[in-house]
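Here is the structure we will look at.
Counting convention: from 1, in listed order, for ligands and their atoms alike. Just so you know, residue 1 is the first one in the sequence shown, and it goes up from there.
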Amino acid sequence: ETRNSGEAEFLQAAREVLETLAPVLAEHPEFIEAGILERLVEPERQLIFRVPWTDDAGRVRVNRGFRVQFNSALGPYKGGLRFHPTVNLSVVKFLGFEQIFKNALTSQRIGGGKGGSDFDPSGRSDAEVMRFCQSFMTELVHRIGEHTDIPAGDIGVGAREIGYLFGQYRRITQRYEAGVLTGKGVGWGGAEVRTEATGYGAVFFAEEMLLRAGEAIEGRHAVVSGSGNVATYAIEKIQQLGGRALTASDSSGYIVDEEGIDLEVLKQVKGVERARISEYAARRPSARFVAGGSVWDVPAQLAFPCATQNELDAEAARTLLKNGVRAVSEGANMPTTPEAVELFQGAGVLFAPGKAANAGGVATSALEMSQNAARSRWDRDKSESRLHGIMRDVHEASYAASERYGRPGDYVLGANSAAFVTVAQAMLEQGVI
Ligand code: NDP
């Protein structure tokens, strides 16, 4: 804690994992002897760099760029880039740390890393975003590669940004190394269903938990936070499975649509126009906009936090419980505070932690890397069925580990311990490095 003082998010993420590992360590004293825990919480490498760029008015701007290469015991570093004003070293480290375990759960042989910048793309022109991305990549180019480190998207980094980043990588290296970034356009090396994968995956995971309990998504109401990549496709899959998604949000507030979210309108407003979420309510008579506030106030049996870290706290958890919530599946990374997780688990709510529930995105990214390496392209059906299979396997592995370590249905314990054993064993076999 002293070494990482001031890194609140990272300490929260590390504590959450370490606190669940006692039963695993009791079975594996060799992990303690080999210093696995001490090594696991220290990134292999951390890069912080200046990103200068010029805005449309000709003014020079300076942002800070990050890439934390956390652990490569299972494969090359893999994890997204986040562009948001709240990005700092603590946030990047928490995300990178989570990524190690998430990636292990996918069984895709990828290590954990994460990066980003405190650049705020909202309100910026395409030309400004392009210049920023080019400057960011000019520095990062020396540190990444299809066999070393493969970035992807996250908050504020979607297909547009990946395109600009890839263009600059290709220009500087003078090589077409398709597998260096994932989340590319489907016309030039991107995998089908990658855009949808994280949101779809979080819903598939919820479906698996419910199926195990003899229940279903069909006929149930869901509250979803966020209105970006993950939220949009969680809503789409909930509706395809016969549920009704009632809400979406952004940093200005949320909308409730009693008839269920109209995806065409949502995609137009948030994806195409990059407008505020209130614009959705302006176009749908069945919807209303609530400024500020929290989607968790809306009664529903299913909850999908898909915006950002610590967005669902104890007070929100109490409201959801009062309204009869049955399952919570984290599309975002660490959106539920530790107190809220405890309340859900204490009340017997099915709770899926992000490192398991949102692993579908990075798993599909790994499939994109395989297709790039083989110079092949899978169709939509094959891509979605692989994603579905992986999410079933992640659920199964998490459930099995929760049983093995004495708390059946505790998916936090299950996901952490299954992933930890995989990574720790690889580290052990590779020696003290
Ligand atoms: P997007 O940028 O597409 O969307 C983010 C959404 O969350 C926006 O609606 C945004 O609102 C809202 N949001 C972000 N920060 C805040 C904040 N501080 N307060 C309130 N609302 C906020 O990002 P993604 O959908 O890709 O990512 C969402 C979450 O899912 C993140 O936690 C990310 O780490 C996680 N994730 C993403 C994966 C992916 O494949 N993209 C993979 C696995 C996890 P606004 O527009 O107003 O900022």
Can you list the atoms of ligand 1 that are under 4.0 Å from a heavy atom of [X]?
X: Arg276; result: 45 (P), 46 (O), 47 (O)
X: Gly331; result: 30 (O), 35 (C), 36 (N), 44 (C)
X: His84; result: 15 (N)

Any atom of ligand 1 sitting under 4.0 Å from a heavy atom of [X]?
X: Arg194; result: yes
X: Gly158; result: no
X: Thr86; result: no
X: Met334; result: no

Classify the contact between [X] and ligand 1 as side chain, backbone, both or neither, using a heavy-atom distance cut-off of under 4.0 Å.
X: Glu311; value: neither
X: Cys306; value: backbone
X: Ser249; value: backbone
X: Thr198; value: side chain

Under 3.5 Å, is there a donor-acceptor pair between the [X] and [Y] side chains?
X: Asn63; Y: Ser117; answer: no
X: Glu258; Y: Ser286; answer: no
X: Tyr200; Y: Glu236; answer: yes
X: Glu98; Y: Asn333; answer: no
X: Tyr280; Y: Asp257; answer: yes
X: Asp410; Y: Ser402; answer: no
X: Tyr77; Y: Arg67; answer: no

Would you please indicate yes or no on a ring centroid separation below 6.0 angstrom for [Y] and [X]?
X: Phe97; Y: Phe70; answer: yes
X: Phe166; Y: Tyr176; answer: yes
X: Phe83; Y: Phe132; answer: yes

Nearest-option assignment for [atom], heavy atoms, candidates [options]:
atom: atom 28 (C) of ligand 1; options: Gly226, Ala307, Ser251; result: Ala307
atom: atom 6 (C) of ligand 1; options: Ser252, Gly354, Ala332, Gly228; result: Gly228
atom: atom 27 (O) of ligand 1; options: Ile155, Leu95, Val157, Ile277; result: Ile155

TODO: Using protein heavy atoms only, decide if any is under 4.0 Å from atom 42 (C) of ligand 1.
DONE: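 Yes, at least one protein heavy atom sits under 4.0 Å from atom 42 (C) of ligand 1.
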Ligand 1 and [X], any nitrogen or oxygen pair closer than 3.5 angstrom?
X: Asn358; answer: no
X: Lys114; answer: no
X: Gln309; answer: no
X: Lys102; answer: no
X: Arg82; answer: yes

[atom]: nearest protein contact (heavy atom, Å):
atom: atom 24 (P) of ligand 1; result: Val230 CG2, 3.8 Å
atom: atom 3 (O) of ligand 1; result: Asn229 N, 2.8 Å
atom: atom 2 (O) of ligand 1; result: Gly156 N, 2.9 Å
atom: atom 33 (C) of ligand 1; result: Asp154 OD1, 3.1 Å
atom: atom 16 (C) of ligand 1; result: Thr308 CG2, 3.7 Å
atom: atom 44 (C) of ligand 1; result: Asn333 ND2, 3.4 Å

Please tabulate, one pair per line, all N/O donor-acceptor pairs under 3.5 Å involving side-chain atoms of residues 413-420, not counting sequence neighbours.
| residue | atom | partner | partner atom | Å |
| --- | --- | --- | --- | --- |
| Asn416 | OD1 | Lys355 | NZ | 2.9 |
| Asn416 | ND2 | Thr20 | OG1 | 3.1 |
| Asn416 | ND2 | Val412 | O | 3.4 |
| Ser417 | OG | Leu413 | O | 2.6 |
| Ser417 | OG | Gly414 | O | 3.4 |

TODO: Using the test ring pair (Phe, Tyr, Trp, His ring centres under 6.0 Å), find all partners of His388 that sit at least two apart in sequence or belong to another chain.
DONE: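 With sequence neighbours excluded, His388 shows a ring pair (Phe, Tyr, Trp, His ring centres under 6.0 Å) to Phe204, given in chain and number order.
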Open item on the list: Go through it in stages, so that I can follow the logic: the residues are Glu208 and Tyr399, the test is side chain to side chain donor-acceptor pair (under 3.5 Å), and I'd like the CA-CA distance, side-chain angles, deciding distance and then a yes or no.
Closed with: CA-CA 10 Å; Glu208 290 301 310; Tyr399 190 85; over 6 Å; no
Open item on the list: If we check salt bridge (Lys or Arg N to Asp or Glu O under 4.0 Å) with Asp56, which of these qualifies: Arg124, Arg131, Arg61?
Closed with: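 Only match with Asp56 under salt bridge (Lys or Arg N to Asp or Glu O under 4.0 Å): Arg131.
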Task: Residue from Asp120, Asp154, Asp118 passing salt bridge (Lys or Arg N to Asp or Glu O under 4.0 Å) with Arg82 - done: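 Among Asp120, Asp154, Asp118, the one meeting salt bridge (Lys or Arg N to Asp or Glu O under 4.0 Å) with Arg82 is Asp154.
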